[in-house]
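In what follows, a single structure is set out as structure tokens and then discussed.
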Amino acid sequence: MSLISWNCRGSGGGLYSPTLNHLARLSSSTNAKVIFVSETRTSKFDRSQLTNRFFMQDCHIVPADGLSGGLWLLWKNEVQVQVLRATHHYILASCVYKTSLSGPVNFNLVCVYGDPHHQKTSLIWEDVSTFVLASPDTPTFCMGDMNNIMHASEKCGPTPPNQTRIREFCSLVKQCGLFFFISVT
């Protein structure tokens, strides 16, 4: 099963902008069953526009707050998605992949756009860890832009990395049993 997560840093203005054209090609070439798009910076598209544009069957939209934020979670019929909770920083869902060779597979999905200003970081991760730990026997996919780092060497820019924030994030990752795959296209 293929899943895509992308911080698009703005939709580019329209459904056929270069940004969203790229996402449509990526979705098609990977045969993605689930797409999570963060930081859309728009609320002007509705469910039918998004599902038609990306050839998906359903979606959940968290509107942008002015010109910031905005989340889209889209999926095909092969995946049954029940969104349990959504905020401007995450979508938590219970899912079933219906077309697995071994039969239906239940999993949880955590889609995160971490607070870039770190004012709500602790609350976001508290909610995520509560969700993950509530069903320890169910696999969980966590994807998105965490806006957190696990090692000081990942920090770019003139300000020093926040060691407390790094320790807290590493602790959360360990506590929830998360591991990361990074793929850049």
Side-chain angles (χ1 to χ4, degrees), residues 1-8 11 15-17 19-40 42-64 69-114 124-146 172-185:
M1 177 175 62
S2 178
L3 299 96
I4 294 175
S5 174
W6 187 28
N7 180 335
C8 69
S11 65
L15 282 175
Y16 292 89
S17 68
T19 300
L20 296 186
N21 282 339
H22 180 74
L23 179 59
R25 285 190 305 273
L26 185 61
S27 171
S28 176
S29 68
T30 61
N31 192 24
K33 305 298 183 212
V34 177
I35 301 173
F36 172 59
V37 182
S38 61
E39 204 176 0
T40 63
T42 185
S43 296
K44 67 181 180 180
F45 307 123
D46 64 27
R47 168 182 263 127
S48 65
Q49 290 173 306
L50 292 176
T51 56
N52 289 334
R53 175 64 178 106
F54 298 106
F55 305 105
M56 296 291 184
Q57 277 67 52
D58 208 351
C59 71
H60 183 87
I61 301 168
V62 176
L71 309 174
W72 301 339
L73 179 62
L74 302 100
W75 61 90
K76 291 195 173 181
N77 278 339
E78 293 94 333
V79 182
Q80 177 184 330
V81 175
Q82 180 184 5
V83 173
L84 302 174
R85 180 143 191 230
T87 72
H88 288 286
H89 292 286
Y90 61 77
I91 298 172
L92 307 176
S94 174
C95 306
V96 179
Y97 181 46
K98 299 184 280 188
T99 57
S100 168
L101 294 175
S102 60
V105 175
N106 296 317
F107 65 96
N108 288 325
L109 183 61
V110 175
C111 302
V112 177
Y113 173 59
I124 293 166
W125 293 119
E126 183 178 315
D127 289 352
V128 167
S129 64
T130 299
F131 176 71
V132 171
L133 298 174
S135 51
D137 296 329
T138 304
T140 299
F141 289 100
C142 181
M143 59 185 187
D145 181 349
M146 309 302 148
L172 171 99
V173 168
K174 183 177 181 179
Q175 178 185 13
C176 291
L178 302 176
F179 55 95
F180 294 92
F181 293 98
I182 298 173
S183 176
V184 178
T185 58

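When side chains are defined from C-beta on, Phe36 counts as touching Leu71, because their heavy atoms get closer than 4.5 Å. At a threshold of 4.5 Å between non-hydrogen side-chain atoms, the residues Leu109 and Val81 do not count as touching. You'll find the side chain of Met56 reaches within 4.5 Å of the side chain of Ser27, heavy atoms only. Two residues are said to be in side-chain contact when any heavy atoms from C-beta on lie closer than 4.5 Å; Pro104 and Lys98 fail this criterion. Between Trp75 and Cys95 there is no side-chain heavy-atom pair separated by less than 4.5 Å. Contact annotation: the side chain of Leu15 approaches that of Leu50 to within less than 4.5 Å [non-hydrogen atoms, C-beta and beyond].
Of all heavy-atom pairs spanning Val79 and Met1, the tightest one is CG2-SD, 3.8 Å. Across every non-hydrogen atom of Ser38 and Tyr113, the tightest pair is CB-CB, 3.8 Å.
Asp145 pairs by the salt bridge (Lys or Arg N to Asp or Glu O under 4.0 Å) definition with nothing, not counting sequence neighbours. Partners of Ser29 according to the side-chain hydrogen bond (donor to acceptor under 3.5 Å, both in side chains) rule, which considers only residues two or more places apart in sequence or in another chain, do not exist here. Taking Asn21 as the reference, Arg53 meet the side-chain hydrogen bond (donor to acceptor under 3.5 Å, both in side chains) condition, with sequence neighbours excluded.
For residues 83-111, the ring pair (Phe, Tyr, Trp, His ring centres under 6.0 Å) pairs, not counting sequence neighbours, are Phe107-Phe141. Within the structure, salt bridge (charged side-chain N to carboxylate O under 4.0 Å, His left out) contacts touching residues 22-34 (residues at least two apart or in different chains) are Lys33-Glu78.
Side chain of Glu39 to backbone of Asn7: no donor-acceptor contact under 3.5 angstrom is found. Side chain of Thr19 to backbone of Ser11: no donor-acceptor contact under 3.5 angstrom is found. Not a single donor-acceptor pair under 3.5 Å links the side chain of Ser2 to the backbone N or O of Asn31.
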What pairs of donor and acceptor atoms, side-chain ones from residues 128-138 against any protein atom, are under 3.5 angstrom apart with sequence neighbours left out?
{"residue": "Ser129", "atom": "OG", "partner": "Trp125", "partner atom": "O", "Å": "3.0"}
{"residue": "Ser129", "atom": "OG", "partner": "Glu126", "partner atom": "O", "Å": "3.1"}
{"residue": "Thr130", "atom": "OG1", "partner": "Glu126", "partner atom": "O", "Å": "2.8"}
{"residue": "Ser135", "atom": "OG", "partner": "Asn108", "partner atom": "ND2", "Å": "2.7"}

